[in-house]
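All values reported here derive from a predicted model rather than from experimental measurement.
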Amino acid sequence: MPGVAVVTGAGRGFGREIARRLSARGYHVLATDIDAEAAGSTAEMVGGSSMGLDVRDPEAHRAAARTATERGPVEVWVNNAGVLRTRKGWEHDDDEVQLLCEVNLLGVIWGSRAAVDAMRGRGGSDMHVINMASLSSLVPVPGLTVYGATKHGVLGFSGALQGDLLAAGIPITVH
């Protein structure tokens, strides 16, 4: 029987569908979202649990990891939460740039670190961290300058994290 899967940004869209599919595979899903009510709706839909989570807060990720491990072994962690703003690179105001960077990149870093901490001590070999990037992490897309930069960072971070895990002999796969 699969263990626990944590999904950030699970209140709607891709996150809700990811939660639904993980639940269908037998995982207990901890649906998280900055909108705690939306996360609760997803959890109710999939028979899981939920909590509010602002991915910009590293302690919130650690709290989610603690909550998840109370329900069983954490086997999957999906860093799905993201923000998209379409503007030319010079048209974003400072607060918007900061929001994109903190949610799309730092949120993935904080979530990945919490996931590794929750998974690595338990042993086993079927553990996965899934970091949602974008096609704009691979090719430049006009109008997605800052967004694409954050997603390119997710791609680079994920590849380097996988290398660190392999070098340390920790059997977690990063996708």
*If a pair satisfies salt bridge (Lys or Arg N to Asp or Glu O under 4.0 Å) and one of its residues is in residues 38-59, list it, with sequence neighbours excluded.*
Asp54-Arg56, Glu59-Arg62, Glu59-Arg66
*Less than 4.5 Å apart, any side-chain heavy atom of Ile18 and any of Met132?*
yes
_Shortest non-hydrogen separation from Leu53 to Ala60 and the atoms involved_ = CD1-CB, 3.2 Å
*Can you tell me if Thr8 uses its side chain to pair, donor with acceptor, with the backbone of Asn80 under 3.5 Å?*
yes
_Enumerate the ring-ring contact (aromatic ring centres under 6.0 Å, His included) contacts for residues 39-69, please, sequence neighbours excluded, ordered by first and then second residue._
none
*Cluster question for you: counting only ILVMFWY and a side-chain heavy-atom cut-off of under 4.5 Å, with indirect links fine, are Leu84 and Val141 together?*
yes
_Distance, nearest 0.5 Å, that separates OG of Ser158 from CG of Asn79_ = 8.0 Å
*Could you list all the ring-ring contact (aromatic ring centres under 6.0 Å, His included) pairs where at least one residue sits in residues 149-175, not counting sequence neighbours?*
His128-His175
*asked:* Let me confirm one number: the CG-OG1 distance from Leu106 to Thr150, rounded to the nearest 0.5 Å.
replied: 10.0 Å
*Can you measure from CG (Leu100) to OG1 (Thr145) and round to the nearest 0.5 angstrom?*
11.0 Å
*Could you grab the distance from atom OH of Tyr147 to atom OG of Ser134, nearest 0.5 Å is fine?*
4.0 Å
*Spell out, yes or no, whether Trp110 and Ile172 are grouped together once hydrophobic residues are joined by side-chain heavy atoms under 4.5 Å, including indirect joins.*
yes
*List for me each residue that meets side-chain hydrogen bond (donor to acceptor under 3.5 Å, both in side chains) alongside Arg87, sequence neighbours excluded, and say none if there are none.*
Glu96
*Would you name the heavy atoms of Ala65 and Ala114 that are closest together and state the gap between them?*
CB-O, 4.0 Å
*Do Asp33 and Thr42 come within less than 4.5 Å of each other through their side chains, counting heavy atoms only?*
no
*Do Met127 and Val174 sit in the same hydrophobic cluster, where Ile, Leu, Val, Met, Phe, Trp and Tyr count as joined when their side-chain heavy atoms come under 4.5 Å apart?*
yes
*So which heavy atom on Ser50 is nearest to which on Gly40, and how close?*
OG-CA, 3.3 Å
*asked:* Can a donor-acceptor pair be found, under 3.5 Å and without considering hydrogens, that links the side chain of Asn104 to the backbone of Lys151?
replied: no
_For Asp93, is the CG atom crowded, meaning more than 12 foreign heavy atoms sit under 6.0 Å from it?_
yes
*Do Ser112 and Asn131 have side chains that get closer than 4.5 Å, going by heavy atoms?*
yes
*Rounded to the nearest 0.5 Å, how far does OG1 of Thr173 lie from CD1 of Ile130?*
10.0 Å
*Who are the side-chain contact (heavy atoms from CB on, under 4.5 Å) partners of Ala68, not counting sequence neighbours?*
Val4, Val6, Leu30, Val74
*May I ask whether Val55 and Leu105 are part of the same hydrophobic cluster, defined by side-chain heavy atoms of I, L, V, M, F, W, Y residues being less than 4.5 angstrom apart, directly or through others?*
no
*Where is the tightest heavy-atom contact between Ala31 and Ala43, given as atom of each residue plus distance?*
CB-N, 4.2 Å
_Pairs touching residues 2-17 that satisfy salt bridge (Lys or Arg N to Asp or Glu O under 4.0 Å), sequence neighbours left out_ = Glu17-Arg20, Glu17-Arg21
*When rounded to the nearest 0.5 angstrom, what is the spacing between OG1 in Thr67 and CE in Met51?*
4.5 Å
_Please find the pair of heavy atoms, one from Ala5 and one from Leu22, that lie closest to each other, and give the distance._
CB-CD1, 3.7 Å
*Tell me whether Ile34 is reachable from Val108 by hopping between hydrophobic residues (I, L, V, M, F, W, Y) whose side-chain heavy atoms are closer than 4.5 Å.*
no
*Verify, without hydrogens or angle tests, whether Thr32 (side chain) and Gly52 (backbone) share a donor-acceptor contact under 3.5 angstrom.*
no
*asked:* How about CZ on Arg120, more than 12 heavy atoms from neighbouring residues, nucleotides or ligands closer than 6.0 Å, or not?
replied: no
*Does some side-chain heavy atom of Arg113 sit less than 4.5 Å from a side-chain heavy atom of Ile109?*
yes
